[in-house]
Amino acid sequence: MMAFTLNDLDSYLAERAKASPEESYTAKLLAKGPSHAAKKLGEEAVEAVIAAVEGDVHALKMESADVLYHLLVVLRARGLSLQDVLDELARRTAQTGLQEKASRPQG
């Protein structure tokens, strides 16, 4: 079995976004707008946190998949790409986490 990547998921979402909202959950989320998609992301993130706190690794795996999916939908709804986020992670990992946090504007 080939490894499934976030890039694979992003490509899948790009295709599903082209479908009608009656045929595609992704298209339906995008049609309802960024705020709706962001609320769904928040719900899934809370569910993932609960699973992690409770030590339910199966639920954590399932909810984490939902979080990643909904995050990519929100990025798409706001005109950002997965590559934009990966580029930011690459920039941050060029230094230690403590150095990166110290370089952020205070406020």
Side-chain angles (χ1 to χ4, degrees):
M1 182 171 160
M2 297 281 295
F4 187 78
T5 69
L6 285 178
N7 284 318
D8 293 333
L9 179 58
D10 195 45
S11 294
Y12 174 78
L13 291 180
E15 284 302 311
R16 298 307 299 148
K18 296 175 190 173
S20 83
E22 292 78 33
E23 298 173 358
S24 165
Y25 181 63
T26 301
K28 186 176 184 175
L29 283 173
L30 291 168
K32 288 185 176 184
S35 294
H36 179 77
K39 287 176 188 174
K40 290 299 294 177
L41 172 60
E43 290 170 14
E44 300 301 342
V46 168
E47 291 171 2
V49 168
I50 291 168
V53 168
E54 292 178 349
D56 185 341
V57 294
H58 176 73
L60 179 58
K61 176 176 68 172
M62 304 299 284
E63 297 303 338
S64 295
D66 290 344
V67 167
L68 292 173
Y69 165 83
H70 284 88
L71 175 59
L72 291 179
V73 170
V74 168
L75 292 173
R76 182 170 298 281
R78 286 295 185 198
L80 289 170
S81 70
L82 173 59
Q83 193 59 54
D84 293 330
V85 176
L86 294 175
D87 291 346
E88 176 61 16
L89 288 170
R91 184 193 67 76
R92 290 182 184 192
T93 57
Q95 54 190 328
T96 70
L98 294 175
Q99 291 169 327
E100 192 280 326
K101 280 190 167 217
S103 72
R104 292 182 190 177
Q106 302 299 316

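What you see is a predicted model; the values in this text were computed from it and never measured.
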| query | Without hydrogens or angle criteria, can the side chains of Tyr69 and Thr26 be said to hold a donor-acceptor pair below 3.5 Å? | reply | yes
| Tracing side-chain links under 4.5 Å among I, L, V, M, F, W and Y, which residues wind up in one group with Val46? | Ile50
| request: May I ask you to decide if Pro21's main-chain N or O and Ser24's side chain share a donor-acceptor pair within less than 3.5 Å? | output: no
| said: Using 30° and 60° as the class boundaries, would you call the ring planes of Tyr25 and His70 parallel, tilted or perpendicular? | reply: perpendicular
| field | Set of side-chain contact (heavy atoms from CB on, under 4.5 Å) partners for Glu47, sequence neighbours left out | value | Glu44, Glu63
| Which pair of non-hydrogen atoms, one from Val67 and one from Ala48, has the smallest distance, and what is that distance? | CG2-CB, 4.0 Å
| note | With sequence neighbours left out, the residues meeting side-chain hydrogen bond (donor to acceptor under 3.5 Å, both in side chains) with Asp66 are none
May I have the list of side-chain donor-acceptor pairs in residues 29-42 shorter than 3.5 Å, sequence neighbours left out?
residue	atom	partner	partner atom	Å
Lys40	NZ	Glu43	OE1	3.3

| said: Can you list everything that forms a side-chain hydrogen bond (donor to acceptor under 3.5 Å, both in side chains) with Asp10? Sequence neighbours excluded, please. | reply: Arg76
| Hydrophobic cluster mates of Met2, side-chain heavy atoms under 4.5 angstrom, ILVMFWY only, any path? | none
In a table with atom names and distances, give each donor-acceptor pair under 3.5 Å that connects a side chain of residues 52-62 to protein atoms at least two apart or in another chain.
residue	atom	partner	partner atom	Å
Asp56	OD1	His58	N	3.4
Asp56	OD1	Ala59	N	3.0

| To the nearest 0.5 Å, how far apart are CG in Leu72 and CG in Leu80? | 11.0 Å
| note | The complete set of salt bridge (charged side-chain N to carboxylate O under 4.0 Å, His left out) pairs with one or both residues in residues 12-21, sequence neighbours excluded, reads Glu15-Lys18
| field | Hphob cluster co-occupancy, Val74 + Val49, side-chain heavy atoms under 4.5 angstrom | value | no
| query | Quick one: are Gln83 and Asp87 in side-chain contact, heavy atoms under 4.5 Å? | reply | yes
| request: Return the set of residues passing side-chain hydrogen bond (donor to acceptor under 3.5 Å, both in side chains) with Ser81 (not counting sequence neighbours), or none when no residue passes. | output: Asp84
| said: Quick test of your reading: applying salt bridge (charged side-chain N to carboxylate O under 4.0 Å, His left out), list the pairs with at least one residue in residues 21-30, sequence neighbours left out, ordered by first then second residue. | reply: none
